> 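My questions all concern the structure below.
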Amino acid sequence: MPVLRNHHTFHLNAQCQQLEAFHDASSALSLCDRFSHHYLLGEGSNTVFIEDYDGAVLLNQIKGVEVHDTDYAIQLRVGAGENWHRLVTTALEQGWHGMENLALIPGSVGAAPIQNIGAYGLEVGTFIESVEMVDRTTGNTLILNNEECRFGYRDSIFKQELLGNVIITHVNFVLPKNYQLNTSYGELSALTHPTPHAIYEKVIDVRSNKLPDPATLGNAGSFFKNPVVSAQQFQELQDGYPDIPHFHVGDDVKIPAAWLIDQCGYKGKQVGEVRCHPTQPLVLTNLGGASGNDVVALAREIMTTVTEKFGVSLEPEVRLVGKEGLVAL
Ligand SMILES: Cc1cc2nc3c(=O)[nH]c(=O)nc-3n(C[C@H](O)[C@H](O)[C@H](O)COP(=O)(O)OP(=O)(O)OC[C@H]3O[C@@H](n4cnc5c(N)ncnc54)[C@H](O)[C@@H]3O)c2cc1C
C-alpha cells in the first residue's frame, strides 16, 4: 500500500489504498469516477492522516502560470498544483507586488483559497479575482468570482457548501500596479524602509525563526484557529485577565489561541511523540514516531483545558483524515 508519510507535512506513517496524480481537469474527473472513495491532496500541509486511509489519495499536479499585463494590474491564471511560495517568489522577482506578506506559507495554489490563507495582516482573498473548478459529480466547469467565494477568516465557500464537491483547477489573481504595501502587522511595522523585497525577507526571517520547518520536524502549522468571541464575552475575559492580547474584528474580538494554550501550561508539553512547540504553542509537532492517537490525545486535551479555564472553544485549523475521511475532534 502507498505510504503517505512524505505526502503530508506532519509525516505520520499512514497508508492509503491507491495514490494517483492528475495533471488536468479531465484526468481528475476520471480518477474521481474510478475511485469513488478518494481524498484530494495538494501538498498536505493542512492535512494530517491520523490513520490508514481506506481509499485513493489523488494528488493535484495541475501546473502553469499565464500572465496578462494590463495598464492597471498584472493578472495571473495559475494552475492549482503550483507551489504557493514559488508563486510569491516569482511574482516578487518579476516586480509584481502585494503577495510578499504571504511568503513561505506551505502548500499549493489550489488550496490557498480554501482556507483563505493569511499572515502578516493579509489574506490571499485580497488578490483573487476568481477561482476555476470542476464539479466532482456532474463534471461541469464553474467559475466563482471573489464575492461568490465568500472569503472570511480561514474560511470560504470551499469549506462550507462546496466542501468535498469541487476540484479547484486554476486560481485567477489580480495584482494592482498602484498597490500600497501592507506593513501594519507586528514585526513589519518596524521596517524603516519598507519595500516589497524588505517585506519578503522579513517575513521569511520571522517565520523561519518562529515556526518549525516541516522538512525537519513534522507539523501542519497552526493546529487551531484563533477564536473569535463576542465583545461581551471578551469583556468578561478581560476582567479576569487584564493582559489578554486581542484584535478587534468588526463587533467581535479575536484572541490568539497561542496565548490561551500557553496560559494553560502547554508550551513544550508532550503526549507520546507529539509535542506542543516550545516557541509557538499553536503548533503541534511530530517528534519522529508520533501516532494519530498521540495527535488526537494532545489536541483534545488542549481543547478541553482551554474551554475549562477560559470558556472559549478552540476549533482545529487542520484537517484530520481517518480511515473513512475527514474526522472531527
Ligand atoms: C509550517 C506551516 C506554516 C503554515 N502557515 C500558515 C499561515 O501562515 N497561514 C495560513 O493560512 N496557513 C498556514 N499553514 C497551513 C497551510 O499552509 C495552508 O492551509 C495551505 O493552503 C495548505 O495547502 P496544501 O496544498 O498543503 O493543502 P492540503 O493539506 O493538501 O489540502 C487542504 C484541504 O484542501 C483540499 N484541497 C486541496 N487541493 C484542492 C483542490 N485543488 N481542489 C479542491 N480541494 C482541494 C484537500 O482535500 C484538503 O481538505 C501552514 C502550514 C504549515 C505546515
Side-chain angles (χ1 to χ4, degrees), residues 4 7-11 21-25 28-29 32 38-49 53 55-63 78-88 101-125 131-136 142 144 151-159 162-171 185-186 203-204 206-208 210-226 258 277 280 282-286 316-321 325-327:
L4 294 167
H7 292 285
H8 66 139
T9 58
F10 215 95
H11 301 311
F22 59 86
H23 299 86
D24 53 35
L29 287 170
C32 289
H38 58 257
Y39 185 82
L40 200 61
L41 197 64
E43 298 187 15
S45 61
N46 194 226
T47 299
V48 184
F49 288 101
Y53 174 60
V57 169
L58 308 181
L59 297 174
N60 173 13
Q61 311 249 298
I62 301 176
K63 302 287 187 189
V78 186
E82 291 286 346
N83 173 266
W84 172 257
H85 176 66
R86 203 167 302 130
L87 177 69
V88 173
N101 298 48
L102 305 178
L104 217 59
I105 298 182
S108 59
V109 167
I114 296 178
Q115 73 153 7
N116 187 21
I117 56 168
Y120 297 95
L122 260 193
E123 292 178 331
V124 72
V131 177
E132 299 178 32
M133 68 211 80
V134 286
D135 184 304
R136 290 192 202 196
L142 302 167
L144 294 191
F151 291 120
Y153 167 60
R154 300 293 185 272
D155 198 24
S156 72
I157 193 169
F158 308 107
K159 284 182 86 172
L162 294 185
L163 178 70
N165 293 339
V166 297
I167 302 167
I168 295 173
T169 57
H170 295 87
V171 182
Y185 205 81
V203 166
I204 290 177
V206 174
R207 289 185 70 99
S208 312
K210 208 170 1 181
L211 293 171
D213 178 358
T216 50
L217 190 61
N219 75 89
S222 303
F223 201 92
F224 301 101
K225 293 192 214 176
N226 292 319
H277 197 57
Q280 173 43 284
L282 196 48
V283 176
L284 304 187
T285 61
N286 175 1
E317 185 175 311
V318 299
R319 323 290 182 99
L320 301 174
V321 180
L326 288 174
V327 171

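On a predicted model such as this, the values are computed, not experimentally measured, just so you know. Ligands are counted one by one from 1 in listed order, and the atoms in each one are counted from 1 as well. Hydrogens, waters and symmetry mates are skipped; everything else that's a heavy atom, side chains included, is used.
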> Can you report which non-hydrogen protein atom sits closest to atom 12 (N) of ligand 1, along with the distance?
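In this structure, atom 12 (N) of ligand 1 has Gln115 NE2, 3.0 Å as its nearest protein heavy atom.
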> Counting heavy atoms only, name the option from Gly79, Gly42, Ala220 that's nearest to atom 30 (O) of ligand 1.
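Shortest heavy-atom distance from atom 30 (O) of ligand 1: Gly42.
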> To the closest 0.5 Å, what do you measure between CD (Gln61) and CG (Leu41)?
10.0 Å
> Pick, from Gly218, Ala112, Gly221, the option with the minimum heavy-atom distance to atom 52 (C) of ligand 1.
Gly221
> Any N/O of Arg136 closer than 3.5 Å to an N/O of ligand 1?
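In fact, backbone or side chain, Arg136 has no N or O that close.
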> Just which atoms of ligand 1 are under 4.0 Å from any heavy atom in Tyr39?
46 (C), 47 (O), 48 (C), 49 (O)
> What's the shortest heavy-atom distance between Val171 and Gly110, and which atoms?
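Heavy atoms of Val171 and Gly110 come nearest at CG2-CA, 4.4 Å.
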> Using a 4.0 Å cutoff against the non-hydrogen atoms of Gly118, which atoms of ligand 1 qualify?
7 (C), 8 (O), 9 (N), 10 (C), 11 (O)
> Any heavy atom of Arg207 sitting closer than 4.0 Å to ligand 1?
yes
> For Thr9, counting its heavy atoms only, list the atoms of ligand 1 lying under 4.0 Å from any of them.
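Here the atoms of ligand 1 in question are 53 (C).
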> Measuring from atom NE2 of His11 to atom CG of Asn219, what distance do you get when rounded to the nearest 0.5 angstrom?
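Answer for the NE2-CG pair, His11 versus Asn219, is 8.0 Å.
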> Please report which non-hydrogen protein atom sits nearest to atom 14 (N) of ligand 1, along with the residue it belongs to and the distance in Å to one decimal place.
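Looking at atom 14 (N) of ligand 1, the protein heavy atom closest to it is Ile105 CG2, 4.2 Å.
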> Around atom 25 (O) of ligand 1, find the nearest protein heavy atom and jot down its residue, atom name and distance.
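In this structure, atom 25 (O) of ligand 1 has Ser108 OG, 2.6 Å as its nearest protein heavy atom.
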> Of all the atoms in ligand 1, which lie at a distance below 4.0 Å from a heavy atom belonging to Gly107?
23 (O), 24 (P), 25 (O), 26 (O)
> How far is atom 46 (C) of ligand 1 from its nearest protein heavy atom, and which residue and atom name does that atom have?
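Its nearest protein heavy-atom neighbour is Leu40 O, 3.1 Å.
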> Just checking Tyr153: does its OH atom have more than 12 heavy atoms from other residues, nucleotides or ligands closer to it than 6.0 angstrom?
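Yes, enclosed.
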> Provide the closest heavy-atom pair for Arg207 versus Ala103 in the form atom of the first, atom of the second, distance.
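For Arg207 and Ala103, the tightest heavy-atom pair comes out as CD-O, 3.4 Å.
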> Around atom 42 (N) of ligand 1, find the nearest protein heavy atom and jot down its residue, atom name and distance.
Ile168 N, 2.8 Å
> So Phe49 and Tyr53, would you call those rings parallel, tilted or perpendicular, with 30° and 60° as cut-offs?
tilted
> Of all the non-hydrogen atoms in the protein, which one sits nearest to atom 31 (O) of ligand 1, and at what distance?
Thr47 OG1, 3.7 Å
> To the nearest 0.5 Å, what is the distance between OG1 (Thr47) and CG (Leu40)?
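Between atom OG1 of Thr47 and atom CG of Leu40 there are 9.5 Å.
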> Just go through Pro106, Pro113, Gly81 and tell me whose heavy atom is the nearest to atom 50 (C) of ligand 1.
Pro106
> Give the residue and atom name of whichever protein heavy atom lies nearest to atom 22 (C) of ligand 1, and the separation in Å to one decimal.
Ser45 OG, 3.2 Å
> Would you say Arg154 touches ligand 1, if touching means a heavy atom closer than 4.0 Å?
yes
> For ligand 1, is any non-hydrogen atom under 4.0 Å from Glu43's backbone (N, CA, C, O), its side chain (CB onward), both, or neither?
both
> Judged by atom type as modelled, is there a donor-acceptor pair below 3.5 Å linking the side chain of Asn101 to the main-chain atoms of Val203?
no
> Let me confirm one number: the CG-CZ distance from Leu58 to Arg136, rounded to the nearest 0.5 Å.
7.5 Å
> What distance do Arg319 atom CZ and His8 atom NE2 have between them, rounded to the nearest 0.5 Å?
15.0 Å
> Using a strict 4.0 Å cut-off to heavy atoms of Asn219, name the atoms of ligand 1 that fall inside it.
1 (C), 53 (C)
> Using 0.5 Å steps for rounding, measure from the NE2 atom of His170 to the CD1 atom of Ile62.
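Result: 6.0 Å between the selected atoms.
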> With atoms numbered from 1 as shown, which atoms in ligand 1 lie under 4.0 angstrom from a non-hydrogen atom of Val166?
43 (C)
> If hydrogens are left out, which of Asn60, Thr285, Asn46, Ile114 has an atom nearest to atom 44 (N) of ligand 1, that is, the closest non-hydrogen atom?
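Comparing heavy atoms across Asn60, Thr285, Asn46, Ile114, the nearest one to atom 44 (N) of ligand 1 lies in Ile114.
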> Among Leu142, Val131, Leu144, which one satisfies side-chain contact (heavy atoms from CB on, under 4.5 Å) with Ile168?
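Running side-chain contact (heavy atoms from CB on, under 4.5 Å) over Leu142, Val131, Leu144 with Ile168 returns exactly one hit, Val131.
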> Nearest to atom 21 (O) of ligand 1, what protein heavy atom do you find, and at what distance?
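Going atom by atom, the protein heavy atom closest to atom 21 (O) of ligand 1 ends up being Ile117 CG2, 3.3 Å.
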> Going by the side-chain contact (heavy atoms from CB on, under 4.5 Å) test, name the single residue among Leu320, Val283, Leu282 that passes it with Phe223.
Leu320
